[in-house]
Amino acid sequence: QITVLSNDPGSPEITASAHLTVTGIPNIEIAEDAVAFGNIFVNYESQMEFEVRNTGTDSLHISSITSDNPEFILSPTAIDLHYGESEIILVSITPGTAGTYIGTISLLSDDPDQTTLSINTNATALIAPELVLDQNSMLLNIFGSIEVRDTIMISNTGGSDLNYIIHIQELGTARSEGGPDAFGYYW
């Protein structure tokens, strides 16, 4: 009920019935400007993700999550978010050839002021490096306390720079003493 007071001498007070209905609205939001993969390798899957949120006051229905470049695969492809909820969208790509991949991901929703929200995605696919290790260069027979030096042959037959780290573990240095055994031998 609403009461209006005025200086109208004929009706100084008027009372009326009132009903208020509040309708919430969803609001789609993503924090990222782009999904930038950077350098990735041909024939190997790479994945990235971004978060979509509903910052509105009603449920958000995202009916379609697609990319204009079919190389970029999205999961999930549709979601419903209650107000205050968020969900991670996974973007994956397995490029078949070297080159630059560019696309636009579009989210279609019932957000009244932003029915389509877009985010750019890109990746640069390179031919992967390929480590070749010459196993014969690592065969050494050492007797006694002789110092031996040798070369380990590593090469890259791939199409990108090869980064590597070598860890060498010293084996055979542990000794134990004991005995005698059943035959009288000590060790």
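Note that these values count all heavy atoms, side chains included, but never hydrogens, waters or copies made by symmetry.
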K.L.:
Testing the basics here: between E51 and I30, what is the closest heavy-atom pair and its distance to 0.1 Å?
P.N.:
O-CG2, 3.3 Å

K.L.:
Would you compute the distance between atom NE2 of H82 and atom OG1 of T57 and round it to the nearest 0.5 angstrom?
P.N.:
14.0 Å

K.L.:
Check for a donor-acceptor pair, side chain of N54 on one end and backbone N or O of I28 on the other, with a separation under 3.5 Å.
P.N.:
no

K.L.:
How many angstroms lie between CD1 in I14 and OG in S6, if you round to the nearest 0.5 Å?
P.N.:
6.0 Å

K.L.:
Would you say L60 and D110 make side-chain contact, with heavy atoms under 4.5 Å?
P.N.:
yes

K.L.:
Give me the atom names and distance for the closest heavy-atom approach of A98 to V42.
P.N.:
N-CG2, 3.4 Å

K.L.:
Are N156 and L131 close enough, and set up right, to give a side-chain contact (heavy atoms from CB on, under 4.5 Å), and what steps lead you there?
P.N.:
CA-CA 5 Å; N156 177 13; L131 183 137; over 6 Å; no

K.L.:
Would you give the length of the straight line joining atom OG1 of T94 to atom CD of Q47, rounded to the nearest 0.5 angstrom?
P.N.:
8.5 Å

K.L.:
Is there side-chain contact between T100 and N122, with at least one heavy-atom pair below 4.5 Å?
P.N.:
no

K.L.:
Taking atom OG of S92 and atom CE of M48, what is their separation to the nearest 0.5 Å?
P.N.:
12.0 Å

K.L.:
For S160 versus L126, what's the shortest heavy-atom pair and its separation?
P.N.:
OG-CB, 3.4 Å

K.L.:
Can you tell me if D161 has over 12 outside heavy atoms packed within less than 6.0 Å of its CG?
P.N.:
no

K.L.:
Evaluate side-chain contact (heavy atoms from CB on, under 4.5 Å) for T116 paired with L108, printing each intermediate quantity in order.
P.N.:
CA-CA 5 Å; T116 302; L108 302 178; 3.0 Å; yes

K.L.:
Go through the steps for I119 and V35 under the test side-chain contact (heavy atoms from CB on, under 4.5 Å), then give the verdict.
P.N.:
CA-CA 7 Å; I119 183 170; V35 178; 3.9 Å; yes

K.L.:
Do I89 and I65 touch side chain to side chain, with heavy atoms closer than 4.5 Å?
P.N.:
yes

K.L.:
Working to the nearest 0.5 Å, report the span between CG of N69 and OG1 of T121.
P.N.:
8.5 Å

K.L.:
Between L74 and L81, is there shared hydrophobic-cluster membership here, with clusters defined by ILVMFWY side-chain heavy atoms closer than 4.5 Å?
P.N.:
yes

K.L.:
Heavy-atom count around D8 CG within 6.0 Å, excluding the residue itself: above 12?
P.N.:
yes

K.L.:
Looking at every non-hydrogen atom in both residues, tell me the closest pair between F72 and G103 and how far apart they are.
P.N.:
CE1-N, 3.9 Å

K.L.:
Taking N120 for the side chain and T104 for the main chain, is one N or O donor matched with an acceptor at less than 3.5 Å?
P.N.:
no

K.L.:
Might you work through the side-chain contact (heavy atoms from CB on, under 4.5 Å) test for V52 and L107, ending with a clear yes or no?
P.N.:
CA-CA 9 Å; V52 60; L107 295 91; 4.1 Å; yes

K.L.:
Which pair of non-hydrogen atoms, one from P95 and one from I40, has the smallest distance, and what is that distance?
P.N.:
CG-CD1, 3.8 Å

K.L.:
Does a sphere of radius 6.0 Å around OH in Y83 hold more than 12 heavy atoms from other residues, nucleotides or ligands, not counting ones at 6.0 Å or beyond?
P.N.:
no

K.L.:
Which atom names give the shortest non-hydrogen contact between P12 and G10, and what distance separates them?
P.N.:
CD-C, 3.7 Å

K.L.:
Looking at D111, is its backbone amide N or carbonyl O close enough to the side chain of S109 to form a donor-acceptor pair, meaning the two atoms are under 3.5 Å apart?
P.N.:
yes

K.L.:
Return yes if some donor-acceptor pair links the side-chain N/O of N27 with the main-chain N/O of T55 below 3.5 Å, else return no.
P.N.:
no

K.L.:
Please examine the side chains of I93 and F37, heavy atoms only from C-beta on, and report whether any two atoms are closer than 4.5 Å.
P.N.:
yes

K.L.:
OG of S59 to CG of D80: how many Å apart, nearest 0.5 Å?
P.N.:
7.5 Å

